[in-house]
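Since the structure comes first, as structure tokens, the remarks are kept for the end.
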Amino acid sequence: MIERTLAIIKPDAVSRHLTGEIIKRYEHQGFKILAIKRIKLTKSQAEGFYYVHKQRPFFDSLASFMAGGPMVVLVLEGEDVIKRHRDLMGATNPKEAVKGTLRQEFGTDIEHNVIHGSDSRESAQFEIGYLFSGLELQP
Ligand code: UDP
Ligand code: MG
């Protein structure tokens, strides 16, 4: 089944000039880049994006990090792309991520882990709608 996922090249990766390297990996995987833009969220916009985590102890720090600089947001499309992108990302904690994954190669710590990816069709639908308008999602 062709599906869509929301990817974020997080502010730590953008500031370290890893944007091109990560996009290259996506193209190498055959993911279609349906939409892409560079944006900077306010802290309250970052809190809204991560609302599912609002009770977690890391929520405030996470929102500050995600609002701390520009990010590059993408909608990727492809067969089984939600899981394939999560596999390419690796585990949340870079120290536990499998060799060759983006987080293992480029992540610093459990917060500064370079990349976000939707974890289900439901979260992909919410996250894409939060960051893109329908006009930006031309097939
Ligand atoms: N995070 C953190 N501390 C934790 C767990 C997560 O700072 O103990 C941050 C990290 O940047 C992570 C994000 O919160 O990517 C969202 O957490 P989630 O559990 O959804 O991990 P992901 O789906 O990104 O692997
Ligand atoms: Mg998550």
Side-chain angles (χ1 to χ4, degrees):
M1 272 287 267
I2 300 286
E3 52 188 24
R4 292 177 182 178
T5 197
L6 190 279
I8 301 178
I9 303 174
K10 293 184 179 183
D12 58 332
V14 172
S15 69
R16 289 163 59 211
H17 306 282
L18 294 169
T19 303
E21 177 62 32
I22 292 168
I23 292 171
K24 190 173 84 179
R25 306 278 177 110
Y26 291 162
E27 295 206 305
H28 192 75
Q29 289 286 316
F31 300 160
K32 176 175 175 179
I33 297 171
L34 195 70
I36 181 169
K37 61 187 174 185
R38 177 183 177 279
I39 58 171
K40 187 171 185 295
L41 298 183
T42 65
K43 188 169 178 189
S44 73
Q45 288 168 338
E47 288 171 352
F49 180 81
Y50 273 124
Y51 80 99
V52 292
H53 291 315
K54 65 175 178 289
Q55 305 299 340
R56 309 288 289 279
F58 58 81
F59 180 69
D60 187 68
S61 177
L62 173 62
S64 294
F65 161 52
M66 294 297 281
M71 57 173 63
V72 174
V73 294
L74 307 92
V75 180
L76 306 176
E77 189 177 80
E79 191 80 34
D80 201 22
V81 73
I82 295 172
K83 180 179 187 305
R84 288 176 61 209
H85 180 237
R86 294 286 303 190
D87 289 347
L88 181 66
M89 288 162 57
T92 308
N93 186 345
K95 289 165 189 69
E96 292 165 8
V98 170
K99 195 164 163 32
T101 60
L102 293 170
R103 283 167 163 173
Q104 183 272 327
E105 279 193 55
F106 304 120
T108 305
D109 57 49
I110 196 167
E111 180 173 88
H112 305 93
N113 59 5
V114 302
I115 205 84
H116 167 85
S118 310
D119 63 5
S120 66
R121 292 209 175 184
E122 294 67 37
S123 63
Q125 195 177 8
F126 165 75
E127 290 170 3
I128 292 168
Y130 194 84
L131 293 170
F132 288 91
S133 76
L135 284 173
E136 295 174 299
L137 302 171
Q138 304 292 347

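Atoms considered below: every heavy atom in the structure, side chains included; atoms not considered: hydrogens, waters and symmetry mates. For ligands, and for the atoms within them, numbers begin at 1 and follow the listed sequence. All figures in this text were calculated on a predicted structure; none of them were measured in a lab.
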So which heavy atom in the protein is nearest atom 23 (O) of ligand 1, and how far is it from that ligand atom?
Arg86 NH1, 2.9 Å
To check your reading of the model: name the closest protein heavy atom to atom 11 (O) of ligand 1, its residue, and the distance in Å.
Glu111 O, 2.8 Å
Nearest non-hydrogen protein atom to atom 5 (C) of ligand 1, with distance, is Phe58 CE2, 3.4 Å
Could you tell me whether Ile110 approaches ligand 1 through its side chain, its backbone, both or neither, with non-hydrogen atoms closer than 4.0 Å?
both
Considering distance alone, does some N or O of His112 sit under 3.5 Å from an N or O of ligand 1?
no
Verify, without hydrogens or angle tests, whether Arg103 (side chain) and Ile115 (backbone) share a donor-acceptor contact under 3.5 angstrom.
yes
Just need the protein heavy atom nearest to atom 25 (O) of ligand 1, so name the residue and atom and give the distance.
Thr92 OG1, 2.6 Å
Could a heavy atom of Leu62 be found less than 4.0 Å from some atom of ligand 1?
yes
Do any N or O atoms from the side chain of Lys37 and from the backbone of Leu131 form a donor-acceptor pair under 3.5 angstrom?
yes
Quick check: Arg56 and ligand 1, any N/O pair under 3.5 Å apart?
no
Beyond-backbone contact of Phe132 with Leu6, side-chain heavy atoms, under 4.5 angstrom
yes
With heavy-atom distances below 4.5 Å as the criterion, would you say the side chains of Lys43 and Glu47 are in contact?
yes
Within 4.0 Å of some non-hydrogen atom of Arg103, the atoms of ligand 1 are 15 (O), 22 (P), 24 (O), 25 (O)
Asn113 neighbourhood, listing ligand 1 atoms whose heavy-atom distance to it stays under 4.0 Å:
10 (C), 11 (O), 12 (C), 15 (O)
Side-chain (Asn113) to main-chain (Thr92) donor-acceptor, under 3.5 angstrom:
yes
Within the structure, is a non-hydrogen atom of Lys10 found at a distance of less than 4.0 Å from ligand 1?
yes
His116, His53, Met66: member with heavy atom nearest to atom 18 (P) of ligand 1
His53
What is the ring orientation for His116 with Phe49, classed by angle as parallel under 30°, tilted 30 to 60°, or perpendicular over 60°?
perpendicular
So does Glu136 have more than 12 non-hydrogen atoms from other groups sitting under 6.0 Å from CD?
yes
Least distance between heavy atoms, His85 atom then Leu76 atom:
CD2-CD1, 4.0 Å
